[in-house]
There are 2 protein chains.
Amino acid sequence: MDKLDTFKKIGKLEKLIHEPSRLAILTALMGCQQADFQFLLNLVGMTKGNLSSHLSKLESGGLIVVEKTYLGKRPITYLSLTEHGRKSVSKHWQILDDLRKSI
Amino acid sequence: MDKLDTFKKIGKLEKLIHEPSRLAILTALMGCQQADFQFLLNLVGMTKGNLSSHLSKLESGGLIVVEKTYLGKRPITYLSLTEHGRKSVSKHWQILDDLRKSI
DNA sequence: TTATAAGGTTTGCAGTACAAACTGGTTTGC
DNA sequence: GCAAACCAGTTTGTACTGCAAACCTTATAA
C-alpha cells in the first residue's frame, strides 16, 4: 500500500470506532476479557448517560456484547468485544499508525 | 502520567483535530511547508465543498493559515500549519500513541 | 456567443454527542 | 413501615456538525 492510499483511507475511518470516547472504551476492552459499566465509567470519566448511549451504539454496530445480570440484588452490566469488534479496532489502529508514520 | 490519565484524556481530544478528514489534512501538512487546495483534494479524496469547509474550520481554530493568491490568472489557495497548529497536531498524536500503547 | 472548466463557497439536511431528566429498584434512617 | 437517599443505568432534547449538492466567479475553448 502506498502513501496516497493511506490518506484516502483516513477519510473513511469508521466513525463508530473513531469517536474519542468510544475509541477509549474499545481500546480499554482490547486489554481485557470483559469490563463492567462502572469500571469503564471511572476509566474514561464521562457521565453515565453518555457511556450508556455510546455502549448502545457499539452494541448495535456489533462491536461489543452487553450482558446484563445481577451481582447480589444489584444490576450489573458487563461489556466485552465481539470477535468482529476486536478485529475492527485492531485494523483501525493500524490505519492510524500508517497515517502517523507517513509524516 | 499513569494509565488512567491516558484514558481520561482521550475523551477530551480536540474534535477539530480528531475528525478523520481533518486529521488527514493536518497530518499531510505536518510533512511539508505548504500545500495547495488541489493537492489536498487529490490526497484525501473528498469533494471540493467539504475540503473547503474543513479548511475554514481549521483556519478559524488557528491551526492553519490560508493564503489566497493567483498562479497566472487562476486563483490558487495555499495552506500551511501555524506554529500553534503544528504543536497541537503533534500533541494529539502523542495522546493517541499513549492510548494505543496502553493496550 | 455559448459552453465548458477551474477553483472554490454556500446551503440544506440528516445524523450525533452531550447534559439533564427520568426509571426501577435497593438501602438507610427514624 | 415508610420517606429519603442512593445505585445502576436509560431516555430525551437540543445544539452542533459533516456531507452532498447547488451555486458563484472568472478563464479558456469552440
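Order of the sequence lines fixes the chain letters, A, B, ..., with proteins taken first and strands second; residue numbering starts at 1 for each chain.
Spacing between atom CD1 of I17(B) and atom P of dT17(D) amounts to 15 Å, rounded to whole angstrom units. Taking atom CD of E19(B) as the reference point, atom C1' of dT17(D) lies 9 Å away to the nearest angstrom. At whole-Å resolution of the value, CG in L13(A) and P in dC19(D) are 11 Å apart. Taking atom CG on L79(A) and atom C1' on dA8(D), their separation rounds to 13 Å, with Å as the unit. Rounded to a whole Å, the CG atom of L71(A) is 9 Å from the P atom of dA8(D). Between the CD1 atom of I10(A) and the P atom of dG18(D) there is a distance of 16 Å, rounded to whole Å. A straight line from CG of L55(A) to P of dA8(D) spans 15 Å, rounded to a whole angstrom. Atom CD1 of I25(B) is separated from atom C1' of dC19(D) by 13 Å (rounded to the nearest Å).
Annotation for K91(B): atom NZ does not count as buried by contact number, only 12 or fewer foreign heavy atoms lying within 6.0 Å.
A donor atom on one side chain and an acceptor atom on the other are not found under 3.5 Å apart for S53(B) and N50(B). Side chains of Q38(B) and N42(B): no donor on one and acceptor on the other come within 3.5 Å.
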* Asked: What string of B, S and - do you get for nucleotides 24-30 of chain D, 5' to 3', if B is base contact, S is sugar-phosphate-only contact and - is no contact with any protein heavy atom under 4.0 Å?
  -> ---SS--

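At dA14(C), none of the side-chain N or O atoms of K15(A) fall inside 4.0 Å of OP1 or OP2 (strictly under the cut-off). Taking 4.0 angstrom as the limit, Q38(A) places a side-chain polar atom (N or O) nearer than this to OP1 or OP2 of dG9(D).
Not one N or O on the side chain of E14(B) forms a donor-acceptor pair closer than 3.5 Å with the backbone of I17(B).
Residue contacts for S56(A): at a heavy-atom cut-off of 4.0 Å it reaches no nucleic acid atom on any strand shown.
Scanning all heavy atoms of the two residues, the minimum distance from K8(A) to L43(B) falls at CG-O, 3.3 Å.
Using a 4.0 Å cut-off between a side-chain N of Lys or Arg and a carboxylate O of Asp or Glu, D5(A) and K9(A) do not qualify as a salt bridge.
When the nucleotides dC19(D), dG9(D), dA17(C) are ranked by their closest atom to the side chain of H54(A), dA17(C) comes out on top.
The closest side-chain heavy-atom distance from S102(A) to L99(A) is below 4.5 Å.
Ring geometry for H92(A) versus H18(A): interplanar angle of 30 to 60°, hence tilted.
Taking a 4.0 Å limit (strictly below) on heavy-atom distances, residues 39-53 of chain A reaches DNA chain D at K48(A), G49(A), S52(A).
Rounding to the nearest 0.5 Å gives a distance of 11.5 Å between CD of E67(A) and CD of E59(A).
Remark: dT14(D) base-pairs with dA17(C). Criterion, Watson-Crick or G-U wobble with two distances under 3.5 Å.
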